[in-house]
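A short write-up of the structure that comes next.
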Amino acid sequence: MLAAVFAIAAETVTQWGLYVLLPIFIAFLFFIMWDISKKSDAGRAGTFWIFLALGAGFVGFLLKLVLEVVFERWVL
């Protein structure tokens with residue numbers, strides 16, 4: 001019986017996690033925020049504040065990605 005060994009580089013795992021799995025997780029978190037706002041009858045203002053407060057981390061993640069591209073291409 002032959003055992004198949006698949007070697008995956010740490011950089012590959014990191015790239016998949018950062019650019020594929022993390023955005024999927026963030027989308028799931030937005031679904032959770034929407035579900036919380038609907039179940040709690042938060043209304044328009046409450047839903048806005050839920051998405052603003054909890055979505056700030058997502059905006060920070062997007063800003064980080066944009067800054068990485070800017071620094072790689074134009075600054076460094």
Side-chain angles (χ1 to χ4, degrees):
M1 183 158 66
L2 295 173
V5 177
F6 297 101
I8 300 174
E11 183 178 339
T12 303
V13 173
T14 302
Q15 293 295 325
W16 272 87
L18 185 61
Y19 297 112
V20 176
L21 299 177
L22 188 60
I24 291 171
F25 180 67
I26 290 171
F28 180 64
L29 290 179
F30 270 99
F31 169 74
I32 291 171
M33 289 186 283
W34 176 78
D35 192 46
I36 288 171
S37 67
K38 292 299 175 192
K39 285 184 179 178
S40 66
D41 293 327
R44 283 185 166 172
T47 301
F48 170 76
W49 287 110
I50 287 171
F51 275 90
L52 182 73
L54 299 177
F58 173 68
V59 173
F61 175 71
L62 286 180
L63 185 61
K64 175 192 164 287
L65 290 178
V66 169
L67 287 174
E68 283 179 357
V69 170
V70 168
F71 283 134
E72 275 185 21
R73 293 190 182 188
W74 294 296
V75 176
L76 298 177

Between CD1 on residue Ile50 and CD1 on residue Ile32, distance to nearest 0.5 Å: 12.5 Å
Cluster check [X], [Y]: I/L/V/M/F/W/Y, side chain < 4.5 angstrom:
X	Y	answer
Val20	Leu29	no
Ile36	Phe31	yes
Phe28	Phe51	yes
Leu22	Leu63	no
Val69	Leu62	no

Sequence neighbours excluded, every pair satisfying side-chain hydrogen bond (donor to acceptor under 3.5 Å, both in side chains) that has a member inside residues 47-59: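 Listed by first then second residue: nothing to list.
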Parallel, tilted or perpendicular, as decided by the 30° and 60° cut-offs, for the rings of Phe30 and Phe58: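 Perpendicular, since the angle between the ring planes exceeds 60°.
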Under 3.5 Å, side-chain donor or acceptor atoms of residues 6-19 against the rest of the protein: list the pairs with distances, not counting sequence neighbours.
from  : atom 1 : to    : atom 2 : distance (Å)
Thr14 : OG1    : Ala10 : O      : 2.9
Tyr19 : OH     : Glu68 : OE1    : 3.1

Non-neighbouring partners of Asp41 that pass side chain to side chain donor-acceptor pair (under 3.5 Å), sequence neighbours left out: none
Atom NZ of Lys39: over 12 foreign heavy atoms under 6.0 Å: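 Check fails, neighbour count at 12 or below.
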Any Phe61 side-chain heavy atom under 4.5 Å of Ile26 side chain: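 Phe61 vs Ile26: side chains touch.
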